[in-house]
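Shown next, in structure tokens, is the structure this report addresses.
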Amino acid sequence: MKTLTVKMSDQLFAEIAAAARVRNVSKSEIARERLTVRTNGKEAPSMWDLIEDLVVPWDNGPTDLSSNKAHLKDYGKARSDR
């Protein structure tokens, strides 16, 4: 196992030390647990898992605007608002 030295705030060190005392394990064990991502025995969640609730289902979005000729009226012509 490799060794890593880190600097941390006094508050974080106190939290880790307190958790180590309560569980009667080393501070290193607590730090390793906090650095390891655990989600119900699975590995780290995928990007999709993290943003899935933000994505709008395909059938809830607008239809293809290019299939409606009214949306293409005056497409490519000079705009008067510029």
Side-chain angles (χ1 to χ4, degrees):
M1 189 175 295
K2 301 285 183 181
T3 301
L4 173 69
T5 303
V6 296
K7 293 182 181 183
M8 62 182 69
S9 67
D10 292 337
Q11 179 183 355
L12 181 57
F13 182 82
E15 287 177 23
I16 291 173
R21 277 191 305 274
V22 168
R23 293 180 44 198
N24 198 26
V25 295
S26 68
K27 291 184 286 280
S28 296
E29 180 65 27
I30 301 296
R32 278 191 293 274
E33 287 177 4
R34 288 186 178 206
L35 291 171
T36 303
V37 177
R38 296 184 184 203
T39 55
N40 297 329
K42 297 189 316 185
E43 292 195 20
S46 68
M47 183 59 74
W48 174 254
D49 293 335
L50 296 173
I51 66 167
E52 184 175 11
D53 60 326
L54 303 175
V55 177
V56 177
W58 179 260
D59 53 346
N60 289 349
T63 58
D64 186 5
L65 298 178
S66 67
S67 64
N68 186 338
K69 298 299 181 197
H71 291 288
L72 295 175
K73 183 181 177 194
D74 299 329
Y75 178 76
K77 293 184 180 178
R79 293 175 56 178
S80 61
D81 62 342
R82 290 187 184 179

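Side-chain atoms are counted along with the backbone in the values below, which use heavy atoms only and exclude waters and symmetry mates.
Remark: Arg21 pairs with no residue by the salt bridge (Lys or Arg N to Asp or Glu O under 4.0 Å) rule, at least two apart or across chains.
Residue Leu12 belongs to a hydrophobic cluster whose other members are Leu4, Val6, Met8, Phe13, Ile16, Val25, Ile30, with links defined by side-chain heavy atoms closer than 4.5 Å.
Among residues at least two apart or in separate chains, salt bridge (charged side-chain N to carboxylate O under 4.0 Å, His left out) pairs with a member in residues 7-20 are Glu15-Arg34.
Remark: Asp53 CG is packed, more than 12 non-hydrogen atoms of other residues, nucleotides or ligands lying under 6.0 Å away.
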